[in-house]
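Input: a single structure, listed below in structure tokens.
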Amino acid sequence: MLSRHVLKRAVGCSNAPARRAFATEVVPPAASPPAPTPPRSKKADKARISTAIILNRSPIITKSQTPFETAFYSYQARIRRALSNPFPHDFYFKQGSLLQTRFNMEERTREKQAFGPSFLPPEEVDAAKAEADKAAVEQLAQQEGEGEELAPRTHEADLKNDVKSLDRQGQRNLYLLLLAEENGKQVWRFPQGGVEKGDLLHQAAQKDLFAECGDHMDTWIVGRKPIGIYKPSPATPEEPQNNVFFFKGHIMAGQVRVDGKSIKDFAWLTKEEVGEKVEKDYWEVVKDILSDF
Amino acid sequence: MSFLRPASSSSKAAFRNTTAIRHYAGKPDTSLGDPKRENLRRALYPSNIRNRPTPVGTWRPDVARALQRAIPSVQAHETIERAWLLHKRHVRKQREAELSRKFEKMREAMDELYKLDSQLYLQANRADDPRAKSAQEMEMAKKLKVSEVRTMDARIPGLFPRELKVPTDTPSRTGWNYDYKPFQRPL
């Protein structure tokens, strides 16, 4: 939070000599006394500000474990099982009940898996009773019925490599890229647009996103600060320098709808796929803004 | 006087245990009735005679044997530990490097904004007060229905939306919601 006297100085004395330090700065057109500044080039007077949005679909599923992590976790689980107390099944289950029998059978298999089959002493139950127990437990499993089916971690969009789908690559961060037509060329870029008068940057970012991608999306722009800036070299020397401020947004529901006029196509891509599609100088700016995984 | 018995009393009389048990203070017979009480008593007050694993597991006789099976050797265990810490360090350094790159880009952007337009810079630096209702929100609240006002109030500027879900182990069965009905929110 800026203190009151700093705010006063920044707002009230906007034409103070302290600002003269920046030679390329924009002079506000409203009520500025003609200060004796050094002569500026024309393009610096009218620097354009645009906003772009890096719309991110966050990961839906947790990251897969590497083989080393899986091995380490199972090693630690074995040590924990060796050191920890045996489960007090006498207390938690009714004596002689079927659930207790089932739990003890499962626990025996778990101990065998952890320490090897020769670790446990052989059970002192007669074969007939063991058979009866197993049959009863199987019947119980059948009676309980199948559990709820869990959705698989790979979606069919992964198999088909459907780049428009928001279910693809559930573990990764996906970013929205648009195929725009500029001066006859087709370029892949993030949604972009100008800043209207009186708008703040994050408000302009939201408006530009809806203008280019339709409003059939539940999006949220993170905060008010830009996360990056792109300064393309202007096509002609007379054109003002365009400053494109990037804003981060999240999509929570819905899908992009392009109008097909200036925006031809869209795709939801991971960081590497974005790098393959965009221009080189654009990528130099954007690669440090996107998440690696 | 009871010590002096006449010789005619039978020697086959059972030798009664004469240590003074006050029968009103004896232990109740726990084999009848609900075993729950007995289970609770055994769980809360385990015996400390170490002849078998206790129900609550305050002692386990084959710890050493189990550990021998679990751990290959002291050196192997230490190597695994160091490998894990190294792996964690790699992950941590990667994450920190990514964050510092992102922050550097953000700092650069804010510096450029300061040079370009001080008003926009000031507004970008201002923090959103979650408790305050902006003028635009108040205006919209007058025109919308009650349920829509509640939908509008649910998304608080300055706070994360609750629709940003934590990742789960498996995706939802219905998948992504492509049929989102647009709702005009105040900017």
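Here is how names work: the chains are called A, B, and so on, in the same order as the sequence lines, proteins then strands, and each is numbered from 1.
Of the listed residues (A/K94, A/M217, A/H202), the greatest number of heavy-atom pairs within a distance under 4.5 Å of chain B belongs to A/M217. Ranking A/F293, A/F210, A/F72 against chain B, the residue ahead of the rest is A/F72, based on heavy-atom pairs under 4.5 Å. Residue with the most contacts toward chain B among A/L201, A/D292, A/I79: A/D292 (heavy-atom pairs, distance under 4.5 Å). In terms of non-hydrogen atom pairs under 4.5 Å with chain B, the most contact-rich of A/D218, A/L290, A/L200, A/I49 is A/D218. With respect to chain A, the highest number of heavy-atom pairs below 4.5 Å among B/D169, B/D128, B/L67 belongs to B/D169. Contact count versus chain B (heavy atoms, under 4.5 Å) is highest, among A/R57, A/Q206, A/E69, for A/E69. Heavy-atom pairs under 4.5 Å with chain A were tallied for B/G158, B/G175, B/P171; the largest tally goes to B/P171. Contact count versus chain B (heavy atoms, under 4.5 Å) is highest, among A/L150, A/I289, A/V195, for A/I289. Among B/M110, B/K165, B/R65, the residue with the largest count of heavy-atom pairs under 4.5 Å with chain A is B/R65.
Only the side chain of B/L120 has a heavy atom closer than 4.5 Å to any heavy atom of chain A. Neither the backbone nor the side chain of A/K63 comes within contact range of chain B; no heavy atom of the residue lies under 4.5 Å from a heavy atom of that chain. Heavy atoms closer than 4.5 Å to chain B are found in the backbone of A/E149, but not in its side chain. Neither the backbone nor the side chain of A/S64 comes within contact range of chain B, judged by heavy atoms closer than 4.5 Å. Both the backbone and the side chain of A/I251 come within less than 4.5 Å of a heavy atom of chain B. Of the two parts of B/Q184, only the side chain, counted from C-beta on, holds a non-hydrogen atom closer than 4.5 Å to a non-hydrogen atom of chain A. Neither the backbone nor the side chain of B/L99 comes within contact range of chain A; no heavy atom of the residue lies under 4.5 Å from a heavy atom of that chain. Residue A/Y230: no heavy atom, backbone or side chain, is found under 4.5 Å from chain B. Only the side chain of A/Y73 comes within contact range of chain B, with at least one heavy atom under 4.5 Å from a heavy atom of that chain. Of the atoms belonging to A/A114, not a single heavy atom falls under 4.5 Å from chain B. Looking at A/S118, the atoms closer than 4.5 Å to chain B (heavy atoms on both sides) sit in the backbone and in the side chain alike. With a threshold of 4.5 angstrom between heavy atoms, A/D167 approaches chain B through its backbone and through its side chain.
A donor-acceptor contact closer than 3.5 angstrom is absent between the side chains of A/H216 and B/Y178. Between the side chains of B/N39 and A/Q95, no donor-acceptor pair is found at a separation under 3.5 Å.
Residues forming a side-chain contact (heavy atoms from CB on, under 4.5 Å) with B/L164 (at least two apart in sequence, or on another chain): A/S58, A/W220, A/H250, A/M252, B/F160, B/P161.
Here B/E98 pairs with B/K102 in a salt bridge; the nearest charged N to carboxylate O distance falls below 4.0 Å. The existence of a salt bridge linking B/R131 and B/D129 is confirmed by a sub-4.0 Å separation between a basic side-chain nitrogen and an acidic carboxylate oxygen. Between B/K115 and B/E112 there is a salt bridge, since at least one side-chain N of the basic residue sits less than 4.0 Å from a carboxylate O of the acidic one. Salt bridge A/R81/A/E107: present, at least one basic N to carboxylate O contact under 4.0 Å.
When each of A/F93, A/Y92, A/F91 is paired with A/H89, the side-chain contact (heavy atoms from CB on, under 4.5 Å) condition holds for A/F93 and for no other.
Considering every non-hydrogen atom in both A/T154 and A/D158, the closest pair reads CA-OD2, 3.8 Å. For the pair A/W268 and A/Q255, the tightest heavy-atom approach, listed with the atom from each and the gap, is NE1-OE1, 3.0 Å. Minimum heavy-atom separation, A/N243 to A/A47: ND2-CB, 3.8 Å. Residues A/L176 and A/C213 come closest through the heavy atom pair CD2-SG, 3.7 Å. Here the closest heavy-atom approach between residue A/G254 and residue B/W176 is recorded as O-NE1, 2.8 Å.
Counting only distance, with no hydrogens or angles, the side chain of A/T70 and the backbone of A/T66 share a donor-acceptor pair below 3.5 Å. Without hydrogens or angle criteria, A/R153 side chain to A/T62 main chain gives a donor-acceptor distance under 3.5 Å.
Near-neighbour residues of residues 83-97 of chain B relative to chain A, defined by a heavy atom under 4.5 Å from a heavy atom of that chain, comprise B/A83, B/W84, B/H87.
The line from OG1 of B/T151 to CZ of B/F183 is 4.5 Å long, rounded to the nearest 0.5 Å.
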